[in-house]
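All values derive from a computational prediction rather than experimental measurement.
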Amino acid sequence: MHEHTMTLEELRETYGNAEAGLFIDENAKRISEIISRKVGFRPAPYAGFPTFLDAPSLDPSIENLETLQVALVGMPMDLAVTNRNGSRFGPRALRTIERVGPYNDGLNVAPVHELSVADIGDIPFRSRFHLDQCHADIEIFISKLVDAGVIPLSVGGDHSISHPILRVLGRDGPVGMVHIDAHCDTGGVYDLERFHHGAPFRNAVLDGVLDPKRTIQIGIRGPASFTNEFSILSGMTVVNAHEMDQMGIPAIIEKAREVVGNGPTYVSFDIDSLDPAFAPGTGTPEGGGLTPRETQAILRGLKGINLVGGDVVEVAPAYDATSNTAQNGAQMLFEILSLMMFSPSLPKKNG
């Protein structure tokens, strides 16, 4: 930062005839150059066709995935919901949010410009009617990404998408997880269905792909909380929403880092973790939730964890009259992408 402010004469001398965008601060200059280097200027955020976080697009059917470090992928599927549907439109809603980033002021990075990252479109589901087949399609698709050495960052869709993703990421050994949600999603069979959106993490633990001892669940609340015994019995760390004020954000961050340690870790963010005041557009809203600023602080506090994948789920824009839900969902997607810049598992590639 500058050591002193300038006088009017100094300001006129420095900026009076300067080109727009001149920066004295070296960090500001670095970020400006990173953002504008590819096209010489920053395009209007509302121009062109929309992609996640305004990232470049890549068609995995005809282009080389191996050039990427991170792939943003849509999963428009909500066959596993237990309440209101509509999160199949979540990926489309997040793509329409035209101004998130490109600079992360908390982590001092511009991830879309500093990583080799692309929006590679949506998973080509073979059927819009069969949940089991959709989960199989996710597992096949994510396997291709991981085999190409690419970190997946997914946008749902309902929360059941996390299970097949974890089946890939944990196939050589279980991963840990930071899970921010109103619900533990470790429930049992509902209405004869085991693989619904309230059970992905029970299923992942039973499959041996998620390590419950290295899993922390943050923001848990609501009338279904009495069903969370699997989380407790398996050894997960559960931070209930009503405990958060007393604990404080720094203590929650410290606990999360302690739980996941240095091992491979997944971050799963359910938009219903936020209070409905900030995210009404979701299938199972619960009052008494987190604020976006609290959630940003928690995510930014995870800087340096060994992140191997992540997701943002359960945005259902039909219930979102203001687009607040999609805006906050896109912001948290940006925060998770920013964290990947500091992950020991980030692939070293020349994009």
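Shown here is Arg30, whose CZ atom has more than 12 heavy atoms of other residues, nucleotides or ligands within 6.0 Å. The number of heavy atoms from other shown groups lying within 6.0 Å of CD (Glu13) does not exceed 12. By the 6.0 Å contact criterion, CZ on Arg92 is open, its count of non-hydrogen atoms from other residues, nucleotides or ligands being 12 or less.
Taking every heavy atom of both residues into account, Gly90 and Pro317 meet most closely at N-CD, 4.2 Å. The minimum heavy-atom distance linking Asn27 with Asp25 is given by the pair N-OD2, 3.1 Å. Considering all non-hydrogen atoms of both residues, Ser234 and Lys213 come closest at O-NZ, 3.3 Å.
Partner Arg300 forms a side-chain contact (heavy atoms from CB on, under 4.5 Å) with one of Leu339, Asp105, Ile253 and no other, that one being Asp105. With Arg88 as the partner, the salt bridge (Lys or Arg N to Asp or Glu O under 4.0 Å) test is satisfied by one option alone out of Asp78, Asp122, Asp158: Asp78. Considering Ile151, Val150, Val117 in turn, Val150 is the only one that fulfils the side-chain contact (heavy atoms from CB on, under 4.5 Å) rule with Leu68.
Of the possible donor and acceptor atoms, one in the side chain of Asp320 sits under 3.5 Å from a partner among the backbone N and O of Asn324. Side chain of Ser87 to backbone of Glu314: no donor-acceptor contact under 3.5 angstrom is found. Looking only at distances, no side-chain donor or acceptor of Asn328 sits under 3.5 Å from a matching main-chain atom of Thr325. The main-chain N or O of Gly283 is found under 3.5 Å from a side-chain atom of Asn83 such that the two form a donor-acceptor pair. Distance alone, capped at 3.5 Å, places no donor-acceptor pair between the Arg214 side chain and the Met177 backbone. In this structure, the side chain of Glu114 engages the main chain of Ala110 through a donor-acceptor pair within 3.5 Å. A donor-acceptor contact shorter than 3.5 Å links the side chain of Thr291 to the backbone of Glu294. A donor-acceptor contact shorter than 3.5 Å is absent between the side chain of Ser32 and the backbone of Ala28. Of the possible polar contacts, none joining the Thr14 side chain to the Leu11 backbone as a donor-acceptor pair under 3.5 Å is found. Judged purely by atom type and a 3.5 angstrom limit, Glu63 uses its side chain to pair as donor or acceptor with the backbone of Asp59.
Counted by atom type alone, Asn104 and Ser338 present one or more donor-acceptor pairs between their side chains at under 3.5 Å. Using modelled atom types, one finds no donor on one side chain facing an acceptor on the other under 3.5 Å when comparing Asp181 with Ser273. Side-chain contact, His183 with Thr284: no donor N or O sits under 3.5 Å from an acceptor N or O. His197 and Thr82 form a side-chain donor-acceptor contact under 3.5 Å, judged by distance and modelled atom types alone. Side-chain polar atoms of Gln217 and Ser231 form a donor-acceptor pair below 3.5 angstrom. For the 3.5 Å distance criterion, the side chains of Asn306 and Thr265 fail to qualify, holding no donor opposite an acceptor.
Transitive grouping of hydrophobic side chains (ILVMFWY, heavy atoms separated by less than 4.5 Å) brings Val112 and Leu107 into a common cluster. Phe342 and Val260 end up in the same hydrophobic cluster when Ile, Leu, Val, Met, Phe, Trp and Tyr side chains are linked at under 4.5 Å. Put simply, Ile140 and Leu79 are part of two different groups of oily side chains (I, L, V, M, F, W, Y) that touch within less than 4.5 Å, one to the next. The hydrophobic clustering, which links ILVMFWY residues whose side-chain heavy atoms are closer than 4.5 Å, places Met75 and Phe89 apart. Hydrophobic clustering places Phe141 together with Leu131 (ILVMFWY residues linked when any side-chain heavy atoms are closer than 4.5 Å, directly or through intermediates).
Taking CZ of Arg257 as the reference point, atom NZ of Lys303 lies at 9.5 Å (rounded to 0.5 Å). Note that the CG atom of Leu153 and the CZ atom of Phe334 stand 12.0 Å from one another [nearest 0.5 Å]. Annotation: the span from Ser57 atom OG to Asp119 atom CG amounts to 7.0 Å, rounded to 0.5 Å. In this structure, the separation between OG1 on Thr186 and CD on Glu229 is 9.0 Å, given to the nearest 0.5 Å. From Glu139, atom CD reaches atom NE2 of His163 across 8.0 Å, with rounding to the nearest 0.5 Å. Separation of atoms CG (Leu274) and OG1 (Thr282) is listed at 9.5 Å; rounding is to 0.5 Å.
Annotation: side chain of Ile216 is not in contact with side chain of Met236 (no heavy-atom distance under 4.5 Å). Annotation: side chain of Thr215 is not in contact with side chain of Val259 (no heavy-atom distance under 4.5 Å). Residues Val175 and Val209 form no side-chain contact, since every pair of their non-hydrogen atoms from C-beta on lies 4.5 Å or further apart. By the 4.5 Å heavy-atom criterion applied to side chains, Pro60 and Lys144 are not counted as neighbours. Looking at heavy atoms from C-beta onward, Phe52 lies out of side-chain contact with Ile97 at the 4.5 angstrom threshold. Residues Ser154 and Ile165 have side chains in contact (heavy-atom distance under 4.5 Å, counting atoms from C-beta outward). Considering only heavy atoms from C-beta on, Leu169 comes within 4.5 Å of Pro152 through its side chain. A heavy-atom distance below 4.5 Å is found between the side chains of Thr295 and Phe269.
Using a cut-off of 4.0 Å between Lys/Arg side-chain N and Asp/Glu carboxylate O, Asp272 and Arg221 are scored as not salt-bridged. The residues Glu258 and Lys255 are annotated as salt-bridged, a charged nitrogen and a carboxylate oxygen being separated by less than 4.0 angstrom. Between Lys29 and Glu26 there is a salt bridge, since a side-chain N of the basic residue sits under 4.0 Å from a carboxylate O of the acidic one.
Take Tyr266 and apply the ring-ring contact (aromatic ring centres under 6.0 Å, His included) test, not counting sequence neighbours, and it matches no residue. Legend: residues meeting side-chain contact (heavy atoms from CB on, under 4.5 Å) with Phe129, ordered by chain and number and at least two apart, are Ser127.
The cationic group of Arg99 does not satisfy the cation-pi geometry with Tyr46, failing either the under 6.0 Å distance to the six-membered ring centre or the 45° limit from the ring axis.
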**OP:** Under the side-chain hydrogen bond (donor to acceptor under 3.5 Å, both in side chains) rule, what do Gln331 and Glu335 come out as? Steps first, then yes or no, please.
**Re:** CA-CA 6 Å; Gln331 184 66 51; Glu335 300 295 342; 3.0 Å; yes
Original post:
Checking side chain to side chain contact (heavy atoms under 4.5 Å, CB included) for the pair Val312/Ile271: CA distance, chi angles, key distance, verdict?
Top reply: CA-CA 7 Å; Val312 171; Ile271 198 69; 5.6 Å; no
Original post:
Hey, mind stepping through Val73 and Val155 against side chain to side chain contact (heavy atoms under 4.5 Å, CB included) and telling me if it holds?
Top reply: CA-CA 6 Å; Val73 56; Val155 178; over 6 Å; no
Subject >> Full working for salt bridge (Lys or Arg N to Asp or Glu O under 4.0 Å) between Arg126 and Asp132 >> reply: CA-CA 11 Å; Arg126 289 171 290 173; Asp132 56 344; over 6 Å; no
**OP:** Apply side chain to side chain contact (heavy atoms under 4.5 Å, CB included) to the pair Leu346 and Leu115, showing each step before the final yes or no.
**Re:** CA-CA 10 Å; Leu346 182 69; Leu115 290 170; 3.6 Å; yes
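Residues Phe201 and His159 place their aromatic rings such that the two centres sit under 6.0 Å apart.
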